[in-house]
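Report on the structure given below.
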Amino acid sequence: MNNSTRLYKNRLFWITVLLLLPILLQIFYTGLSFFDFENHKWIAYKANRIILFIFWSFITIGIVSLLKLRLTYLAIPLLISLVVSAYSIVTHENIEYEVFAAISNTSYNEAIELFSSYFFLVPLSVLLVIFAIIYFRLLKPQNKDNVSFYSTRKSAILMIVLGIIGLNLLYMYSRDTLYKTYPLSIPFYLKGYYKEIVLFKKEFNKINYSFQGVNENKNTGDLCILMIGETARKQSMSVYGYHRDTTPNIQKAINSEEIKAAIYDTVSSGVSTRLSVPLLLSTTNTNEYSSLSKSPTLPHIFNDVGFQTKLLSNQETAGRNNDIIALILNNMSELTYLSESDETRGYDVDLIPKIKEAALENSNSMFMVVHLMGSHWKYEQRYPNDFSSFSGGDYRVDTYDNSIRYTDHIIGQVLDIMAQSERPICLLYTSDHGENLNDLGDRNYLHAIKEMTEYEIKVPLFFAANSSFYNVHTTKVDSMLGHKNKLVSHDNISHTILGLSGIYDENYYKKQYDLSSSEFHQSKRYSINRRGEIVDVDEYLTKR
């Protein structure tokens with residue numbers, strides 16, 4: 001055996017190891033501790049992935065050898081492998097479905113915004129340097145670069161066959177191992193995403209809604225505003241006990257005689273926007289998520305009973321793939337998107353003139369959705385310099401708190417409009433999900449990356465009604481205020497909006513979820529985690 005062949009074999013061996021590095025990390029680095037012998041899941045978790053690693057190694061080496069691939073052809077797969085490995089090392093987690101779906105559904109501008117921050121630029125730069133070193137050491141073309149790892153085709157074919165048989169047996173024995181281990185998880189994630197987006201669209205477009213029930217709205221010109229914040233968690237709001245004064249306007253409204261207002265202990269429907277916002281806009285509850293595509297949404301219902309429906313958004317129209325949120329909101333009768341990217345986007349205050357215009361209209365009853373940029377990463381870009389109220393601490397926490405304070409300012413301006421308007425107006429403000437800010441010193445940032453935490457699912461819910469709305473709907477508002485100490489979730493919001501508007505669909509409205517109803521009662525609270533699993537939130541948080 002000459003030296004070049006030995007060199008080639010060594011190169012192929014190390015490249016194979018690097019290609020399979022994500023699986024190795026999932027065995028040795030993430031998940032259960034490698035030496036946690038007392039945990040009954042230890043043997044199954046580690047053993048299944050070790051077996052998967054062996055069989056996937058057979059297939060990888062067999063294919064490279066059979067096709068006599070030049071190692072340079074493996075540059076792109078190797079780079080992807082390094083990116084996935086870096087993700088596992090930084091987060092100490094596997095790439096779960098929610099991360100995959102979020103990446104697939106993220107717009108180009110949003111991706112640039114995220115990865116251009118120093119939070120990601122530093123590890124990405126290091127990664128590129130590592131890849132360049134690997135390329136010149138292992139991938140750079142050399143003489144006899146396509147020599148096979150095996151001397152015969154039979155050996156390579158045997159490796160592939162054994163690997164495929166092994167993976168099929170493992171699939172029959174433990175499908176979960178393949179579902180959750182990169183790269184075998186990707187085909188399953190693609191299938192899931194296809195089912196979620198493409199099949200959802202087919203089912204959703206078949207909805208033929210016709211209102212059946214009681215419509216008590218007297219067309220008094222009511223304006224019901226659902227304001228959806230972005231990445232706002234209750235733990236960073238002074239009105240919920242936070243030590244910094246981040247929500248003075250909400251607090252002022254609660255103490256006011258002119259505005260009737262209350263806050264609620266609330267959890268979100270999911271750990272990401274793409275999960276929670278569709279449920280906020282639907283009569284489907286979180287534990288019924290699979291039927292979301294077949295259920296009418298608030299736009300369906302309000303359009304059918306003759307309400308005006310209006311969207312005001314400071315977010316982009318949709319992700320790359322015309323996501324579920326856009327599909328639902330496209331049913332609003334009037335759509336206003338203020339921008340398409342951060343290059344053209346102003347601050348959330350640009351929405352105020354549009355809200356004021358609607359509040360002064362003498363028109364039919366209206367349901368309005370206001371979608372803020374709120375505290376979306378990058379936090380420091382969500383408010384003008386005048387609102388840099390907090391500094392001197394952790395930069396991320398300071399800028400996040402400033403963004404919360406600015407959202408409170410926006411809410412304050414809406415409350416001023418409500419107070420000055422003779423039109424009956426009510427406001428419900430909540431956020432799609434919260435955010436992790438390294439609260440436990442575990443370097444857990446953002447959301448939907450690690451296991452579900454209270455910081456990403458405990459969100460604000462603020463209700464306010466002006467005097468005109470209170471005079472018309474006194475009993476309902478008193479009921480809302482009377483339930484302020486109850487535990488609620490996003491599941492309550494759509495039914496509460498219908499109740500406040502006097503729209504009681506006999507098939508979809510649920511009075512036990514309506515905070516404005518005397519028949520409201522607390523229900524189990526659910527949220528969807530990064531694996532798409534529906535979790536009983538209160539039970540989960542108690543165990544943690």
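Just so you know, these numbers come straight off a predicted model, no measurement behind them.
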For this session: Using modelled atom types only, decide if a donor and an acceptor are shared between the side chain of S256 and the backbone of I259 within a distance under 3.5 Å.
Result: yes
Exercise. How close do S375 and S403 get, heavy atom to heavy atom, and via which atoms?
Worked result: OG-OG, 2.7 Å
Exercise. Hey, is the main chain of N331 close enough, under 3.5 Å, to the side chain of N303 for a donor-acceptor pair?
Worked result: yes
Problem set entry | Stepwise side-chain contact (heavy atoms from CB on, under 4.5 Å) check, L515 with F463 | CA-CA 10 Å; L515 286 160; F463 165 75; over 6 Å; no
Exercise. Can you check whether V488's main-chain N or O pairs, donor with acceptor, with R525's side chain at less than 3.5 Å?
Worked result: yes
Problem set entry | Under 3.5 Å side-chain donor-acceptor pair for T309 and S333 | yes
Problem set entry | N385 atom CG: more than 12 heavy-atom contacts under 6.0 Å | no
For this session: Can you measure from OG (S293) to CD1 (I197) and round to the nearest 0.5 angstrom?
Result: 11.0 Å
Problem set entry | pair Y337-L311: side-chain heavy atoms closer than 4.5 Å | yes
For this session: Kindly indicate whether the side chain of L281, heavy atoms from C-beta on, has any atom under 4.5 Å from the side chain of L226.
Result: yes
Exercise. For G221, does its backbone N or O pair with a side-chain atom of R423 as donor and acceptor, under 3.5 Å?
Worked result: yes
Exercise. In terms of heavy-atom contacts, does NZ of K486 have more than 12 from other residues, nucleotides or ligands at under 6.0 Å?
Worked result: yes
Exercise. Can you find a heavy atom in the side chain of Q413 that is under 4.5 Å from one in the side chain of I417?
Worked result: no
For this session: Taking the six-membered ring for Trp and the single ring otherwise, decide whether the centroids of F302 and F367 are under 6.0 Å apart.
Result: yes
For this session: Taking atom types as modelled, find out whether Y264 and N492 have a side-chain donor-acceptor pair closer than 3.5 angstrom.
Result: no
For this session: Give the minimum heavy-atom separation between Y240 and P460, together with the two atoms involved.
Result: OH-CA, 3.6 Å
For this session: Take the angle between the ring planes of F200 and F204 and call it parallel below 30°, perpendicular above 60°, tilted in between.
Result: parallel
For this session: Apply side-chain contact (heavy atoms from CB on, under 4.5 Å) to the pair Y242 and T247, showing each step before the final yes or no.
Result: CA-CA 9 Å; Y242 187 52; T247 52; over 6 Å; no
Exercise. Below 4.0 angstrom, N of the basic side chain to O of the carboxylate: do R531 and E533 qualify?
Worked result: yes
Exercise. Are D348 and R382 ion-paired here, with the side-chain N under 4.0 Å from a carboxylate O?
Worked result: no
Exercise. Using 4.0 Å as the upper bound for N to carboxylate O, is an ion pair formed by D398 and R244?
Worked result: yes
Problem set entry | Main-chain N/O of D538 paired with T542 side-chain donor or acceptor, under 3.5 Å | yes
Exercise. Going by distance alone, is a donor N or O of one side chain under 3.5 Å from an acceptor N or O of the other, for Y526 and N285?
Worked result: no
Exercise. How far does CD1 of I404 sit from CE of M237, to the nearest 0.5 angstrom?
Worked result: 4.5 Å
Problem set entry | Minimum heavy-atom distance S276-G270, with the two atoms named | CB-N, 3.9 Å
Problem set entry | Smallest separation among heavy atoms of I411 and M227, with atom names | CG1-SD, 3.9 Å
Exercise. If you measure only the distance, is there a donor-acceptor pair under 3.5 Å linking the side chains of T286 and S269?
Worked result: yes
For this session: Specify whether F520 and H483 have parallel, tilted or perpendicular ring planes, treating 30° as the upper limit for parallel and 60° as the lower limit for perpendicular.
Result: tilted
For this session: Verify whether one side chain among D505 and Y209 offers a donor that lies under 3.5 Å from an acceptor in the other.
Result: yes
For this session: Please check if the distance between the ring centroids of F462 and Y429 is under 6.0 Å.
Result: no
For this session: Return yes when atom CD of Q512 has more than 12 non-hydrogen atoms of other residues, nucleotides or ligands closer than 6.0 Å, and no otherwise.
Result: yes
Exercise. Got E361 and M366 here, is their nearest side-chain heavy-atom distance under 4.5 Å?
Worked result: yes
Exercise. Can you check salt bridge (charged side-chain N to carboxylate O under 4.0 Å, His left out) on D478 and K260, steps first, answer last?
Worked result: CA-CA 9 Å; D478 285 343; K260 302 295 182 181; over 6 Å; no
Problem set entry | Neighbour count >12 (heavy atoms, 6.0 Å) for atom CG, N208 | no
Exercise. What's the spacing between Y470 OH and C426 SG if we round to 0.5 Å?
Worked result: 14.5 Å
Problem set entry | Within 45° cone and under 6.0 Å: R405 NZ/CZ vs Y383 ring | no
Exercise. Does E422 CD have over 12 foreign heavy atoms under 6.0 Å away?
Worked result: no
Problem set entry | Exercise: do E456 and N436 side chains pair donor with acceptor under 3.5 Å | yes
For this session: Return each pair, listed once, that meets salt bridge (charged side-chain N to carboxylate O under 4.0 Å, His left out) where at least one residue sits in residues 460-472; pairs must be two or more places apart or across chains.
Result: none
Exercise. Should S527 and S268 count as side-chain neighbours, where that means a heavy-atom distance under 4.5 Å?
Worked result: yes
Exercise. Would a distance-only check, ignoring hydrogens and angles, find a side-chain to backbone donor-acceptor pair under 3.5 Å from D432 to I228?
Worked result: no
Exercise. Is it true that the side chains of T496 and S516 contain a donor and an acceptor less than 3.5 Å apart?
Worked result: no
Exercise. What's the shortest heavy-atom distance between C224 and I497, and which atoms?
Worked result: SG-CG2, 3.8 Å
Exercise. Can you find a pair of side-chain heavy atoms, one from M368 and one from Q308, that are under 4.5 Å apart?
Worked result: no
Exercise. Can you tell me how far CE of M373 sits from OG1 of T407, rounded to the nearest 0.5 angstrom?
Worked result: 10.5 Å
Exercise. For residues T283 and H495, is any side-chain donor paired with an opposing acceptor at under 3.5 Å?
Worked result: no
Problem set entry | Heavy-atom side-chain contact between R233 and V459 under 4.5 Å | no
For this session: Dump the intermediate steps for side-chain hydrogen bond (donor to acceptor under 3.5 Å, both in side chains) on Y455 and N444, then the final yes or no.
Result: CA-CA 10 Å; Y455 301 101; N444 188 4; over 6 Å; no
Exercise. Quick one: do R396 and E435 make a salt bridge, cutoff under 4.0 Å?
Worked result: no
Exercise. Minimum heavy-atom separation for V472 to P424, with atom names?
Worked result: CG2-CG, 4.3 Å
Exercise. Hey, are the side chains of Q251 and S238 touching, using non-hydrogen atoms and a 4.5 Å cut-off?
Worked result: no
